[in-house]
Colleague: 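Right, I'll just put the structure down here and ask away after.
Lettering follows sequence order; numbering is per chain, from 1. None of the values given here were measured: they were computed from a predicted structure.
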Amino acid sequence: MSAIDAPKGVVEYLPPESATFLAVREALAAPAIAAGYGYAEVPIFEHTELFVRGVGESTDVVSKEMYTFDDRGGRSLSLRPEGTAGVMRAVIQHGLDRGPLPMKLWYAGPFFRAERPQHGRYRQFFQVGIEAIGVDDPALDAEVVAIGDSGFRSLGLTDFTLEITSLGDSTCRPGYREKLIAFLDTLDLDAATHARAQVNPLRVLDDKRTDVRRQLVDAPLMIDHLCSDCVEHFAATRAYLDALRVSYTLNPRMVRGLDYYTKTTFEFVHHGLGAQSGIGGGGRYDGLMAELGGQPLSGIGFGLGIDRAVLACRAEGLPIADERRLDVFFVPLGDAARLQSVATVGELRRAGVRADLAYGSKGLKGAMRAADRSSALYAVVVGDRDLDAGVSQLKDLTTGEQIAVPLNQLVATLKEKFL
RNA sequence: GUGGGCGUAGCUCAGCUGGUAGAGCACCGGGUUGUGGUCCCGGGGGUCGCGGGUUCGAGCCCCGUCGCUCACCCCA
C-alpha cells in the first residue's frame, strides 16, 4: 500500500509558505484593480479549437504542450495553456465588446502546460493577467506595462528588468519575416534549427548557443523594418512610459511563444532565477478578436507568473507574508471554562479580533505550548477558580506579564488592543 | 523530447575499502496535575525512492525505473 504522490511537475503551497503565495497574488492584482480593471472568472478548460485558432497551431504551446482530452460527448477540450484566448472568447460571447471601450479585465488562476519541469517551470502554474480591449492607444500600452511594473515593485523586487520591443503588424511583419528567413537560410545551422527557421524564424534570434549567436550578429531585426504606423506607435508608447517613469531596456531580439502578438511586446526578466527568468510578459494582439470571430478590435494584456514572483521574492530575501496569524489564544481549564471560552472566542472573531483556543485535552502545559506556537501575542487562561471569581488571566506572551481581567470586560479589553 | 547531478526519519544531512542505520532540528511525554517560549531527561518515528542483479552479506557495487534538480528547448 504505497502512498500517492502529486502528479509530476506540479507546485503546492502549504502553510506557512502559502501565505506568501496569497500575498504575491494580491500584490500583483492590486495595481490593475486600482486602474479600473474588472474581475473575470473564466473556465480553466475550453474547446481545443479556441487555442488552436487563438494561440496558433504551429506554436510549441499548442502543438505539443497542451493537456487535451475528449469529454463524454466526444468534444475535444483542453486545459488552458494561457489566459488571453479564453478571456477574448468570453468577451465576444457575452457582448462585452459592445459596451464602453476599452474593456478592461483582470483574472488569476492556474494554467497548464505539459513541459519538462524545471525550477520555476511547472505543469500547473499560476498567473495574474489583465486584458484591455478595443482601443489602439499607445497610452494604453504604457498603462498595461506600468501596471505589471508596479505590481512587482510593490513586492519590493528590484533585481529585474523590463524589456520591450515592437513586433510590427500585418503591414510590416510579413515582409520582414521573408527577409529574415532568407538570411537564416544562408547560415550554417543544424537541421532542427533550419526547420524552426521555417516555422517561426523570430525564435531563432533568441538561440542561446554561442556558435549560433555569432552567426546572428548581422541578422535583420524587426525593429529596423517597422512600417510608419508601427514606428509611431512604438515611439509614443515609449514616451508614455517615460512619463510614467517606468524604466526599460530595448530588446529587439525578444521572442514571444504565442502567434497573436503584434506591435508592443514586453517581458519582465528577473536576474536571480536561473534559466526560467521571465516573471511576466505580454503585448498587443490586434488581430486576435477578429480571428476568434468577434469584432476587429485591438487588445493588449499581460500574464504575470505568481510562482516565479514567489521565487523571485525568495531569491531577493524578501519576507512577504505576515508571520503573525493570531492575536489571542484561549487556554480553558475544564468544561465550564471551555464553554465560556468558545463563546468569547466566537464573539471576538465576529468583532474582527483573530482568536483561537486550545482544542482537545492537552493539559495546561500542552495548551500553553499551543498558545506559544500559535503566534498570538496574548493568551487568556480561564480555570474554575477564575470563573468563580468572574475573571480571566490575560497573559502577554512576549513579556510573560499576567493580569486578571473581569470576564465582562475581556472582549472590550482585547478589542481595544487589536482593533 | 535530449544531456549532467542528486534521492537515507516530517525537515537539513552524516554513514570509512560492502559487515545488518545515526545526528541536529521538529514532534510527543516527563521534570513543573494553574502557565508557554530557555534548560534537563525520556520517547515515537526509516520497506535507505522503487524493481532486479552481483555477493556469505548491499544504504554503499551494476542494470532498469520513478521523482527532484540544473541546462538545452520552451516560457509565466
Colleague: With heavy atoms under 4.0 Å as the rule, sort A/F111 into base, sugar-phosphate or nothing.
Modeller: nothing

Colleague: C1' atom, B/U8 versus B/G22: distance in rounded Å?
Modeller: 10 Å

Colleague: From the list B/C75, B/C70, B/G34, which nucleotide is the closest neighbour of the side chain of A/Q118?
Modeller: B/C70

Colleague: I want to verify a distance call: between B/U69, B/C74, B/A76, whose nearest atom is closest to the A/Q276 side chain?
Modeller: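 Closest nucleotide among those given: B/C74.
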
Colleague: Counting the atoms with a prime plus P, OP1 and OP2 as sugar-phosphate, which does A/I279 contact under 4.0 Å by heavy atoms, base, sugar-phosphate, or nothing?
Modeller: sugar-phosphate

Colleague: With sequence neighbours left out, write down each residue that passes salt bridge (charged side-chain N to carboxylate O under 4.0 Å, His left out) with A/D307, or none if nothing qualifies.
Modeller: none

Colleague: Can you tell me the base-pairing partner of B/U54? Count Watson-Crick or G-U wobble geometry only, both distances below 3.5 Å, and say none if there is no partner.
Modeller: none

Colleague: Pick the C1' atom in B/U20 and in B/C56, then give their distance to the nearest Å.
Modeller: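 My reading of the C1' atoms in B/U20 and B/C56 gives 13 Å.
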
Colleague: If B/G29 has a Watson-Crick or G-U wobble mate with both distances under 3.5 Å, name it; if not, just say none.
Modeller: B/C41

Colleague: Taking the nucleotide of RNA chain B with the nearest heavy atom to each, does A/A370 or A/F268 sit closer to the 5' end?
Modeller: A/A370

Colleague: When we call it a touch if two heavy atoms are under 4.0 Å apart, what does A/G280 touch: a base, just sugar-phosphate, or nothing?
Modeller: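 Counting heavy atoms under 4.0 Å across all strands, the contact made by A/G280 is with sugar-phosphate only.
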
Colleague: Measuring only between side-chain heavy atoms, which start at C-beta, is A/D141 closer than 4.5 Å to A/Y240?
Modeller: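 No, every pair of side-chain atoms sits at 4.5 Å or beyond.
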
Colleague: Give one of base, sugar-phosphate or nothing for A/G400, where a contact means two heavy atoms less than 4.0 Å apart.
Modeller: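 Base, at least one base heavy atom under 4.0 Å.
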
Colleague: Between the base of B/G37 and the side chain of A/D372, is there a donor-acceptor distance below 3.5 Å?
Modeller: no

Colleague: Starting the side chain at C-beta, find the nucleotide from B/G67, B/G36, B/A76 nearest to A/R121.
Modeller: B/A76

Colleague: Across the strands shown, which category fits A/S277 at heavy-atom distances under 4.0 angstrom: base, sugar-phosphate, nothing?
Modeller: nothing

Colleague: Please tell me if A/R116 has a side-chain N or O lying less than 4.0 Å from either OP1 or OP2 of B/A71.
Modeller: no

Colleague: Of the nucleotides B/U35, B/C28, B/U69, which has the atom closest to the A/H119 side chain?
Modeller: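 Selected nucleotide: B/U69.
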
Colleague: Using the P atom on both, measure B/G19 against B/U2 and round to a whole Å.
Modeller: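 Pairwise P distance, B/G19 against B/U2, rounds to 36 Å.
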
Colleague: Side chain of A/R373, heavy atoms from C-beta onward: which of B/U35, B/C72, B/C27 has the nearest atom to it?
Modeller: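 That would be B/C27.
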
Colleague: Name the closest nucleotide to the A/K365 side chain, picking from B/G36, B/C72, B/G34.
Modeller: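 Among B/G36, B/C72, B/G34, the one nearest the side chain of A/K365 is B/G36.
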
Colleague: Counting any heavy atom closer than 4.0 Å, what does A/G334 reach on the DNA or RNA strands: base, sugar-phosphate only, or nothing?
Modeller: nothing

Colleague: Evaluate the side-chain proximity of A/L394 to A/L414: yes if any heavy-atom separation is below 4.5 Å, no if none is.
Modeller: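 Touching, per the 4.5 Å side-chain cut-off.
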
Colleague: Paired with B/U47: which nucleotide, if any, by Watson-Crick or G-U wobble criteria at under 3.5 Å for both distances?
Modeller: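 Per the H-bond distance test, none.
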
Colleague: Mind checking who B/G3 pairs with, Watson-Crick or G-U wobble, both distances under 3.5 Å?
Modeller: B/C70

Colleague: To the closest 0.5 Å, what do you measure between CD (A/E267) and OG1 (A/T165)?
Modeller: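 A/E267 CD to A/T165 OG1: 11.5 Å, rounded to 0.5 Å.
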
Colleague: May I ask which nucleotide in the shown strands pairs with B/G22, Watson-Crick or G-U wobble, both distances under 3.5 Å?
Modeller: B/C13

Colleague: Please tell me which of the listed nucleotides, B/U35, B/C68, B/C75, lies nearest to the side chain of A/K8?
Modeller: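 Selected nucleotide: B/C68.
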
Colleague: Counting any heavy atom closer than 4.0 Å, what does A/G120 reach on the DNA or RNA strands: base, sugar-phosphate only, or nothing?
Modeller: base

Colleague: Who is the Watson-Crick or G-U wobble partner of B/U35, with both distances under 3.5 Å?
Modeller: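 B/U35 is paired with nothing.
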
Colleague: Taking only the side-chain nitrogens and oxygens of A/R369, find out if one of them lies under 4.0 Å from OP1 or OP2 of B/C28.
Modeller: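 Yes.
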
Colleague: Please check: side-chain N/O of A/E17 versus main-chain N/O of A/T20, any donor-acceptor pairing under 3.5 Å?
Modeller: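 Here the side-chain-to-backbone pair does not exist.
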
Colleague: Checking all strands, does A/N200 fall into the base, sugar-phosphate, or nothing category for heavy-atom contacts under 4.0 angstrom?
Modeller: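 Answer is nothing: A/N200 stays at 4.0 Å or more from every strand.
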
Colleague: Can you check whether A/A358's main-chain N or O pairs, donor with acceptor, with A/R338's side chain at less than 3.5 Å?
Modeller: yes

Colleague: Using the rule for Phe, Tyr, His and the six-membered ring of Trp, do A/F125 and B/A76 stack at under 5.5 Å and under 30°?
Modeller: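 So yes, this residue stacks on that base, both cut-offs being met.
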
Colleague: Taking the P atom in each of B/C6 and B/C62, what is the distance between them to the nearest angstrom?
Modeller: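 Straight-line distance between the two P atoms is 11 Å.
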
Colleague: Taking atom types as they are modelled, is there a donor-acceptor pair under 3.5 Å from the base of B/A76 to the side chain of A/E115?
Modeller: yes

Colleague: Is any side-chain N or O of A/K395 under 3.5 Å from a base N or O of B/G36, one able to act as donor and the other as acceptor?
Modeller: yes

Colleague: Just checking A/R308: base, sugar-phosphate only, or nothing, at a heavy-atom cut-off of under 4.0 Å?
Modeller: base

Colleague: Regarding B/U35, can its base be found pairing with the side chain of A/Q402 as donor and acceptor, where the two atoms are less than 3.5 Å apart?
Modeller: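 Under the 3.5 Å cut-off, the side chain and the base do form a donor-acceptor pair.
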
Colleague: About how many Å separate CZ of A/F234 and OG1 of A/T264, when rounded to the nearest 0.5 Å?
Modeller: 6.5 Å

Colleague: Which part of the nucleic acid does A/E267 contact within heavy-atom distance under 4.0 Å: base, sugar-phosphate only, or nothing?
Modeller: nothing

Colleague: Ignoring hydrogens and angles, write down the donor-acceptor pairs under 3.5 Å from the side chains of residues 114-121 of chain A, residues two or more places apart or on other chains.
Modeller:
residue : atom : partner : partner atom : Å
A/Q118  : OE1  : A/Q276  : NE2          : 2.8
A/R121  : NE   : A/R116  : O            : 2.8
A/R121  : NH2  : A/R116  : O            : 2.7

Colleague: For nucleotides B/G30 and B/G44, find the distance between their C1' atoms and express it as a whole number of Å.
Modeller: 14 Å

